[in-house]
Amino acid sequence: MAIFCTIYYILSYIYTIPQILKLIKTKSSNDYSLGMITLQLIALISWSLYIFTSIQSIVVYIGTIIDLLLLLFVDFLILKYYKFKGADSNE
């Protein structure tokens, strides 16, 4: 079963890389849903809490940490490049 876990983590990392590259290249994140990003983060934090309060293989611990770090980095970039539209905005 560890092979399926490994496949999941590898594919999860692969689909995160284009998001990171797009955010860095365009320096724009207004096409991302902040609600979706928030739900993703809550889900991954919940998953991480479950994983670290139970006995798992080292692959799961390492994979979860990397997954969490990648999502936090994507969230950081999204918030960094997000243009909040205020009342005094000229857009």
Side-chain angles (χ1 to χ4, degrees):
M1 294 313 267
I3 188 70
F4 294 115
C5 183
T6 305
I7 291 170
Y8 163 76
Y9 284 121
I10 290 170
L11 293 176
S12 174
Y13 306 152
I14 289 172
Y15 84 73
T16 304
I17 291 171
Q19 290 180 350
I20 292 171
L21 295 176
K22 177 200 171 276
L23 286 164
I24 291 172
K25 180 180 176 185
T26 64
K27 294 185 179 2
S28 173
S29 66
N30 281 59
D31 55 344
Y32 284 85
S33 164
L34 293 181
M36 188 264 316
I37 296 300
T38 303
L39 287 175
Q40 235 180 354
L41 186 59
I42 291 169
L44 190 54
I45 288 171
S46 298
W47 172 255
S48 300
L49 289 172
Y50 168 74
I51 291 301
F52 288 106
T53 57
S54 61
I55 307 275
Q56 301 293 331
S57 72
I58 192 73
V59 170
V60 176
Y61 292 128
I62 293 170
T64 299
I65 290 170
I66 294 171
D67 212 10
L68 188 57
L69 291 174
L70 280 172
L71 183 62
L72 288 173
F73 185 60
V74 168
D75 290 349
F76 167 77
L77 290 174
I78 288 171
L79 291 175
K80 178 179 179 181
Y81 297 127
Y82 196 85
K83 307 279 190 288
F84 290 97
K85 293 178 176 71
D88 58 349
S89 176
N90 292 333
E91 294 179 43

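Numbers for residues simply follow the sequence, beginning at 1.
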Colleague: Tell me, please, which residues at least two apart from T38 pass side-chain hydrogen bond (donor to acceptor under 3.5 Å, both in side chains).
Modeller: none
Colleague: Group every Ile, Leu, Val, Met, Phe, Trp and Tyr by side-chain heavy-atom contacts under 4.5 Å, then state whether I7 and Y15 land in the same group.
Modeller: no
Colleague: Would you check if T16 and L71 make a side-chain contact, meaning some heavy-atom pair closer than 4.5 Å?
Modeller: no
Colleague: Taking salt bridge (charged side-chain N to carboxylate O under 4.0 Å, His left out) as the test, write out the residues that go with K80, two or more places apart.
Modeller: none
Colleague: Is it the case that one hydrophobic cluster holds both L34 and L77, taking links as side-chain heavy atoms less than 4.5 Å apart, direct or via other members?
Modeller: yes
Colleague: Could you name each residue pair satisfying salt bridge (charged side-chain N to carboxylate O under 4.0 Å, His left out) that touches residues 50-68, not counting sequence neighbours?
Modeller: none
Colleague: Are Y13 and I66 side-chain neighbours, meaning at least one heavy-atom pair lies under 4.5 Å?
Modeller: yes
Colleague: Do any side-chain atoms of residues 52-63 form donor-acceptor pairs under 3.5 angstrom with protein atoms, and if so which ones, sequence neighbours left out?
Modeller:
from: T53; atom 1: OG1; to: L49; atom 2: O; distance (Å): 2.8
from: T53; atom 1: OG1; to: Y50; atom 2: O; distance (Å): 3.1
from: S54; atom 1: OG; to: Y50; atom 2: O; distance (Å): 3.0
from: S54; atom 1: OG; to: I51; atom 2: O; distance (Å): 3.3
from: S54; atom 1: OG; to: Q56; atom 2: NE2; distance (Å): 2.9
from: Y61; atom 1: OH; to: S54; atom 2: O; distance (Å): 2.7
from: Y61; atom 1: OH; to: Q56; atom 2: N; distance (Å): 3.1

Colleague: Do any pairs count as a salt bridge (charged side-chain N to carboxylate O under 4.0 Å, His left out) and have a residue in residues 41-52, sequence neighbours left out, and if so which ones?
Modeller: none
Colleague: Taking only residues two or more places apart in sequence or in another chain, which ones pass side chain to side chain contact (heavy atoms under 4.5 Å, CB included) with L69?
Modeller: I65
Colleague: Among pairs that include at least one residue of residues 44-59, which meet salt bridge (charged side-chain N to carboxylate O under 4.0 Å, His left out), considering only residues two or more places apart or in two chains?
Modeller: none
Colleague: Tell me the salt bridge (charged side-chain N to carboxylate O under 4.0 Å, His left out) pairs involving residues 38-65, sequence neighbours left out?
Modeller: none
Colleague: Who clusters with I17? Use side-chain heavy atoms, under 4.5 angstrom, across I, L, V, M, F, W and Y, and order the result by chain and number.
Modeller: L21
Colleague: Which residue pairs pass the ring-ring contact (aromatic ring centres under 6.0 Å, His included) test with at least one member in residues 62-83, sequence neighbours excluded?
Modeller: Y82-F84
Colleague: Give a yes or no on whether I42 and I37 share a hydrophobic cluster (residues Ile, Leu, Val, Met, Phe, Trp, Tyr; joining criterion: side-chain heavy atoms under 4.5 Å apart).
Modeller: no
Colleague: Which is it for L70 and I20 under the side-chain contact (heavy atoms from CB on, under 4.5 Å) test, yes or no, and what are the steps along the way?
Modeller: CA-CA 9 Å; L70 280 172; I20 292 171; 4.0 Å; yes
Colleague: Going by side chain to side chain donor-acceptor pair (under 3.5 Å), name the pairs with one or both residues in residues 21-36, residues two or more places apart or in two chains.
Modeller: K22-D31
